[in-house]
2 protein chains.
Amino acid sequence: MIKVAIYEDNDGLREALGTAIEAAKDISLVGSYGHCVTVLDNTQKDKPDVVIMDIDMPGKSGIEGVRDLKKHFPATEIIMNTVFDDDDRIYQAITAGATGYMLKRNGLQELIAGIHEVMKGGAPMSPTIARKVMKAAANGDKGTSQNLGLSPRELEIIQLLAKGNSYKMVAQDLNLSIDTIRSHIKKTYEKLHVHSVTEAIHKVLIEKRH
Amino acid sequence: MIKVAIYEDNDGLREALGTAIEAAKDISLVGSYGHCVTVLDNTQKDKPDVVIMDIDMPGKSGIEGVRDLKKHFPATEIIMNTVFDDDDRIYQAITAGATGYMLKRNGLQELIAGIHEVMKGGAPMSPTIARKVMKAAANGDKGTSQNLGLSPRELEIIQLLAKGNSYKMVAQDLNLSIDTIRSHIKKTYEKLHVHSVTEAIHKVLIEKRH
DNA sequence: TACAAAATCACATCATTATGTAGGTTAAAG
DNA sequence: CTTTAACCTACATAATGATGTGATTTTGTA
């Protein structure tokens with residue numbers, strides 16, 4: 001019997017999920033919550049094998065919930081269940097420790113299948129997601145070894161910014177248009193999964209020392 | 001005979017400076033230029049004892065000129081001659097290696113006096129400037145020893161920013177208003193003589209390691 | 001106590017950055 | 001010879017950061 005707990009702030013959807021899970025012969029619902037603020041206490045009590053976690057919830061995001069959960073109950077498998085498929089959330093969810101990432105639009109049947117899959121050691125995810133993850137993994141693997149996957153130009157620009165230069169100064173230094181600088185930085189952010197110069201600098205400089 | 005070279009992009013002013021300097025019995029003009037791009041070559045040729053340098057010049061700023069000059073000809077004395085008296089330029093000029101900093105509005109006589117003064121080991125500067133420099137020195141001395149003069153709070157905030165946090169995140173972290181963060185950062189910038197987070201981070205982290 | 005420095009908050013305004021969209025060039029890889 | 005990756009440019013809008021001004025409170029110390 002697979003024990004499953006649900007975290008989903010939408011009441012209707014949470015109930016639907018619950019009944020669908022109960023309907024499965026080999027799965028039992030041990031907990032169902034509208035937020036994940038008390039996720040640690042709940043898990044202590046419920047002892048679920050698998051947790052279905054929505055990303056966007058009031059109070060505490062699913063990402064944070066996953067992070068906490070994995071830290072204290074590393075054996076618990078987590079499947080993110082969300083409407084979002086943007087790179088960022090996926091990346092965050094994966095690095096936070098989720099083993100599955102399924103889109104709500106793909107329906108309940110797939111989610112049930114995902115629960116079984118995750119118990120067999122798999123990593124269930126919607127096709128759309130799978131592709132993104134593969135790509136990210138490819139970038140990541142290539143990158144971490146050398147310079148996080150940044151092209152020489154991109155790295156050069158980040159390093160200039162790290163010295164305290166503004167976009168304008170970098171543009172002048174490299175004899176490029178400021179729009180070009182923007183463009184490079186934009187791609188850099190995507191590769192590093194960040195949203196500001198300081199984050200990018202932090203990431204690049206941290207990875208550098210070793 | 002004191003050998004002097006002039007770098008000043010305003011033609012009229014450069015000529016006026018030249019004649020005023022030639023008029024002085026113990027000073028000879030060995031070079032006069034409208035820019036400082038070729039300052040190293042010129043200096044090699046002219047071998048001036050003192051260089052009068054304007055700050056704002058096309059191609060290469062006087063600050064950069066001073067930096068280069070001091071690196072290759074440390075014995076050459078440099079007097080900045082400019083219309084600006086804002087803290088920043090003064091600070092930059094001083095740290096770049098200028099030994100005198102005189103305002104154009106104070107006239108040619110004072111500049112001539114400054115040339116003599118600098119040759120006697122002095123540091124000629126207009127009264128307005130002198131006061132600012134004293135203040136900067138006071139701040140600087142107190143600071144360089146520990147953490148550049150930053151208060152504990154200010155340092156804390158810069159370090160949080162260095163980790164890639166935004167103002168908003170820092171405010172949440174420290175349970176403060178975002179305006180308070182702004183306020184601290186503003187003071188920090190004044191103390192460090194910078195104008196952006198990245199510059200501040202760079203400066204703080206550089207000074208830290210040693 | 002009275003002054004100075006640190007810390008807090010607010011509001012306004014301008015500058016810079018971040019993000020989206022879109023297109024072009026060039027050089028290596030298949 | 002086409003595909004891919006890196007590089008370059010442009011324009012528009014939204015979000016964040018930078019700067020100025022002003023004010024209150026606390027704390028350490030002259």
Side-chain angles (χ1 to χ4, degrees), chain A residues 86-89 91 131 134-136 138-143 146-162 164-203, chain B residues 86-88 135 138-143 146-203:
Chain A
D86 59 295
D87 292 29
D88 247 44
R89 289 169 199 262
Y91 179 84
R131 223 168 297 127
M134 288 308 293
K135 211 169 146 190
N139 278 333
D141 286 345
K142 187 174 59 173
Q146 283 281 323
N147 39 34
L148 298 161
L150 301 188
S151 72
R153 198 50 144 184
E154 289 162 354
L155 191 61
E156 183 179 23
I157 290 174
I158 290 295
Q159 286 171 340
L160 284 173
L161 290 174
N165 293 298
S166 64
Y167 286 16
K168 204 188 293 177
M169 296 167 87
V170 173
Q172 286 173 348
D173 256 41
L174 302 180
N175 268 91
L176 295 176
S177 146
I178 197 167
D179 283 308
T180 304
I181 304 300
R182 275 198 245 271
S183 169
H184 284 304
I185 292 173
K186 219 179 303 174
K187 285 204 208 77
T188 303
Y189 286 2
E190 284 166 20
K191 288 184 183 175
L192 300 178
H193 303 280
V194 299
H195 306 279
S196 69
V197 254
T198 48
E199 275 182 282
I201 290 171
H202 186 241
K203 206 148 186 173
Chain B
D86 60 295
D87 293 28
D88 247 43
K135 210 170 146 189
N139 279 333
D141 285 346
K142 189 174 54 172
Q146 283 280 322
N147 39 33
L148 299 161
L150 301 189
S151 73
R153 200 50 146 179
E154 289 162 353
L155 191 62
E156 184 179 22
I157 291 174
I158 290 296
Q159 286 171 341
L160 284 173
L161 290 174
K163 286 189 195 160
N165 293 298
S166 65
Y167 285 17
K168 203 189 293 178
M169 296 167 86
V170 173
Q172 286 173 348
D173 255 42
L174 302 179
N175 268 89
L176 294 177
S177 145
I178 197 168
D179 282 306
T180 305
I181 304 300
R182 274 198 246 272
S183 171
H184 284 302
I185 292 173
K186 216 179 307 174
K187 286 202 208 76
T188 303
Y189 286 1
E190 286 165 19
K191 289 183 182 175
L192 299 178
H193 302 280
V194 299
H195 307 280
S196 70
V197 254
T198 47
E199 276 182 282
I201 290 170
H202 187 241
K203 206 149 186 172

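The model shown is predicted, which means the values in this text are computed figures rather than measured ones. Numbers restart at 1 for each chain; the letters A, B, ... are given by sequence-line order, proteins then strands.
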- When rounded to the nearest 0.5 Å, the distance separating CD1 of B:I178 from CG of B:L176 is 11.0 Å

- Query: Does the side chain of A:H184 get closer than 4.0 angstrom to OP1 or OP2 of D:dC8 through an N or O atom?
  - Reply: yes

- Query: Atom CD of B:E154 and atom P of C:dA6: how far apart are they, to the nearest Å?
  - Reply: 7 Å

- In whole angstroms, how far is the P atom of D:dG17 from the NZ atom of B:K168? 8 Å

- Item | Spacing between B:L174 atom CG and C:dT8 atom C1', to the nearest angstrom | 12 Å

- Message: Rounded to whole Å, please give me the gap between CD1 in A:I185 and P in C:dG20.
- Response: 15 Å

- Could you state the CD-P distance from A:E190 to C:dG20, rounded to the nearest angstrom? 8 Å

Sequence neighbours excluded and cut-off under 3.5 Å, please list the side-chain donor-acceptor pairs for residues 179-189 of chain B, or say none.
unit_1: B:D179; atom_1: OD1; unit_2: B:R182; atom_2: NE; d: 3.4
unit_1: B:T188; atom_1: OG1; unit_2: B:H184; atom_2: O; d: 2.7
unit_1: B:Y189; atom_1: OH; unit_2: B:V197; atom_2: N; d: 2.8

Every protein N/O lying under 3.5 Å from an N/O of nucleotides 21-28 of chain D:
unit_1: D:dT21; atom_1: O4; unit_2: B:K186; atom_2: NZ; d: 3.0

- Query: Quick one: on DNA chain C, does B:I157 or B:S196 contact a more 5' nucleotide (nearest heavy atom)?
  - Reply: B:I157

- Task: Using a 4.5 Å cut-off on heavy atoms from C-beta on, say whether the side chain of B:K191 contacts that of B:L150.
- Result: yes

- Given D:dA10, is OP1 or OP2 found less than 4.0 Å from the side-chain N or O atoms of A:S177? yes

- Locate the shortest heavy-atom distance separating B:G164 from A:S196; write the atom from each residue and the value. O-OG, 4.1 Å

- Message: Both B:T180 and A:H195 contact DNA chain C. Taking the nearest nucleotide for each, which residue is further toward the 5' end?
- Response: B:T180

- Task: Could you tell me the separation between the CZ atom of B:R182 and the C1' atom of C:dA15, rounded to a whole number of Å?
- Result: 13 Å

- Message: Taking atom types as they are modelled, would you say the side chain of A:D179 forms a donor-acceptor pair with the base of D:dC8 within the 3.5 Å cutoff?
- Response: no

- Message: Do B:N165 and B:L160 make a side-chain contact, defined as non-hydrogen atoms from C-beta onward lying under 4.5 Å apart?
- Response: yes

- Note on the structure: Separation of D:dA15 atom P from A:Y189 atom OH, nearest Å, is 17 Å

- Query: With respect to B:E199, which candidate in B:H202, B:K203, B:H195 satisfies the side-chain contact (heavy atoms from CB on, under 4.5 Å) definition?
  - Reply: B:H195

- What is the distance from CD1 of A:I178 to P of D:dA12, rounded to the nearest Å? 16 Å

